Amino acid sequence: MDTRIPVLEKRCLVLGVSGGIAAYKAADLASRLVRAGAALEVVMTPAASEFVRPLTFQALTHRPVATEMFSLLQDREIGHVALGQRAALMIVAPATANTLARLANGLADNLLVTTALACRGPLLLAPAMESGMWHHPATRANLETLVGRGAFVVGPETGRLASGGVGEGRMAEPGTILEAACWVLGRGGPLAGKRVVVTAGGTREPIDPVRFIGNRSSGRMGFALARAARDRGAAVTLIHGPVALEAPYGVDTVAVASAAQMKEAVLEVSDRADVLLMAAAVADYRPRVAAEQKIKKEAEAARLELVRTEDILALVAERRRGGAGPAVVVGFAAETEELLRHAREKLEKKGLDLIVANDVSAPESGFETETNRVAILDPRGGVETLPLLAKREVAEAVLDRLLPLLAPR
Ligand code: CTP
């Protein structure tokens with residue numbers, strides 16, 4: 001399923017592709033940007049079109065791809081100037097050592113650099129080159145110049161290089177570059193200046209060194225919330241249990257395992273936060289003791305004594321009563337029956353500003369799915385039932401509802 005990303009949707013982005021082997025990955029990036037809803041224009045250096053044909057990008061973007069500096073667009077605009085002026089953001093991926101040098105010096109002898117010079121929006125660079133070139137003082141100096149001028153840099157990563165060696169210089173993955181673009185474009189959004197803490201995933205309560213009590217939460221809902229808040233300009237801290245998900249770019253992440261660790265992490269940051277979105281499935285009970293050694297199967301039957309964990313939202317509510325804590329707190333209720341009644345009880349008991357009620361009895365909604373069907377309840381009795389949506393869309397809907405709660409009273 002293609003999920004539109006609001007911060008990219010209908011925005012004019014220019015992707016400048018320069019001539020390195022990573023140019024083939026730029027095709028994947030172009031495809032992802034288009035699927036996210038961006039109006040994407042591609043410009044290529046002559047060297048890039050030795051690696052990947054312009055036709056590839058043309059087919060992906062459904063737009064002509066400019067490689068030639070001395071040509072006019074259909075409507076006789078001067079191509080690079082018009083493109084640069086329209087662009088909300090220019091991404092250069094891959095940015096080779098040569099292109100970085102040209103950009104740093106304003107050496108406008110190809111379409112990519114002339115477009116960058118004409119560009120009024122920010123510049124996001126995804127360098128890709130051999131390790132030695134990346135660490136060369138000339139490249140370092142060029143990059144410093146560009147960053148000093150306000151350019152953003154994503155990557156490079158360490159890994160296998162085209163030469164066969166391993167080192168720093170691999171272009172960041174297309175998914176990471178796309179996320180970096182979201183982060184750059186999101187700055188100055190409606191949550192700019194706000195600190196948002198999101199919790200995600202389930203916790204693990206140790207039984208012994210190899211076993212734990214866990215739950216089916218995948219962390220997807222919380223990760224989607226973190227990305228959506230980032231895309232609206234918030235400074236986001238994502239506190240998550242063990243998950244199999246990529247950390248969102250531009251978000252501070254804190255990995256925890258048990259409910260007690262999650263509590264510590266949340267209390268540590270929530271006093272300075274404006275918003276707490278508590279999407280984690282925190283264990284309500286833990287084994288009274290965690291055995292130091294692996295428990296052997298000696299007896300026919302075994303008993304596990306469980307004790308209650310602390311309720312993190314209850315502790316946050318207590319702090320809020322004392323005048324500390326976040327201005328807005330949103331809880332989640334995962335239920336298998338009597339969804340709205342249970343959710344309203346939790347909203348009241350935990351002193352929440354909103355609760356997102358989630359029927360986890362349906363296979364397409366709740367744990368380990370990409371989609372969710374939720375209702376959002378407020379303390380004034382309001383209930384809004386949303387249709388089955390991608391978790392990303394649910395996240396957008398939740399953030400839409402919390403914006404008015406943050407407005408100065
Ligand atoms: N929560 C919490 N601390 C806990 C348990 C839950 O802060 N120890 C939070 C969850 O992150 C969620 C909300 O409380 O935002 C509701 O969680 P849920 O487990 O559905 O509710 P409980 O209060 O634990 O009620 P019950 O398990 O009886 O349904």
Side-chain angles (χ1 to χ4, degrees), residues 196-206 212-226 229 237-243 254 256-271 273 275-288 306-321 325-326 328-362 365-368 372-379 391 394-395 397-399 401-402 405:
V196 174
V197 175
V198 184
T199 67
T203 59
R204 288 182 177 180
E205 308 307 318
F212 57 82
I213 299 178
N215 60 63
R216 288 178 50 203
S217 170
S218 66
R220 288 197 182 94
M221 191 60 241
F223 275 57
L225 284 162
T237 303
L238 173 61
I239 301 169
H240 64 83
V243 290
V254 181
V256 298
S258 66
Q261 289 169 355
M262 184 162 281
K263 179 200 82 178
E264 290 302 321
V266 170
L267 294 185
E268 165 123 15
V269 293
S270 66
D271 277 353
V275 178
L276 172 63
L277 301 167
M278 196 74 197
V282 186
D284 293 323
Y285 293 92
R286 64 172 173 82
R288 193 176 60 78
L306 301 179
V307 294
R308 286 278 289 272
T309 59
E310 281 182 283
D311 191 307
I312 303 171
L313 279 177
L315 293 171
V316 171
E318 203 177 295
R319 291 200 182 203
R320 292 222 291 171
R321 283 193 291 275
V328 177
V329 178
V330 180
F332 283 71
E335 307 293 348
T336 53
E337 56 176 3
E338 295 203 60
L339 178 68
L340 296 181
R341 185 172 69 77
H342 284 143
R344 180 147 310 280
E345 274 169 21
K346 285 177 192 176
L347 174 83
E348 283 160 13
K349 197 175 77 191
K350 300 191 186 220
L352 303 172
D353 300 292
L354 289 176
I355 193 157
V356 182
N358 190 184
D359 181 356
V360 291
S361 63
S365 171
F367 296 132
E368 297 169 321
N372 226 354
R373 193 190 303 279
V374 303
I376 303 177
L377 285 71
D378 69 35
K391 284 185 174 168
V394 174
V398 172
L399 291 186
R401 308 300 177 281
L402 75 81
L405 303 176

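Atoms within a ligand are numbered from 1 in the order they appear, just like the ligands themselves. No experiment lies behind these values; they were computed from the predicted model shown.
- Counting only heavy atoms of the protein, atom 8 (N) of ligand 1 lies nearest to Glu310 O, 2.9 Å.
- Of the candidates Ala343, Ala280, Ala334, the one placing a heavy atom closest to atom 10 (C) of ligand 1 is Ala280.
- Looking at Thr199 next to ligand 1, no N or O pair under 3.5 Å apart turns up.
- Proximity of Ala283 to ligand 1 is established by a heavy-atom distance of less than 4.0 Å.
- Among His342, Met262, Lys350, the residue whose heavy atom sits closest to atom 14 (O) of ligand 1 is Lys350.
- If you check which protein heavy atom lies closest to atom 3 (N) of ligand 1, you get Ile312 N, 2.9 Å.
- Looking only at protein heavy atoms, the nearest one to atom 25 (O) of ligand 1 is Lys346 CE, 3.3 Å.
- There is no protein heavy atom less than 4.0 angstrom from atom 28 (O) of ligand 1.
- If you look at Val282 next to ligand 1, the close heavy atoms, those under 4.0 Å, come from the backbone and the side chain alike.
- Among the atoms of Phe332, some N or O lies under 3.5 angstrom from an N or O of ligand 1.
- Regarding atom 9 (C) of ligand 1, its nearest protein heavy-atom neighbour is Leu313 CD1, 3.6 Å.
- The distance criterion of under 3.5 Å between nitrogen or oxygen atoms is met by Asp284 with respect to ligand 1.
- Note on ligand 1: Lys263 sits outside its first shell, no heavy atom being nearer than 4.0 Å.
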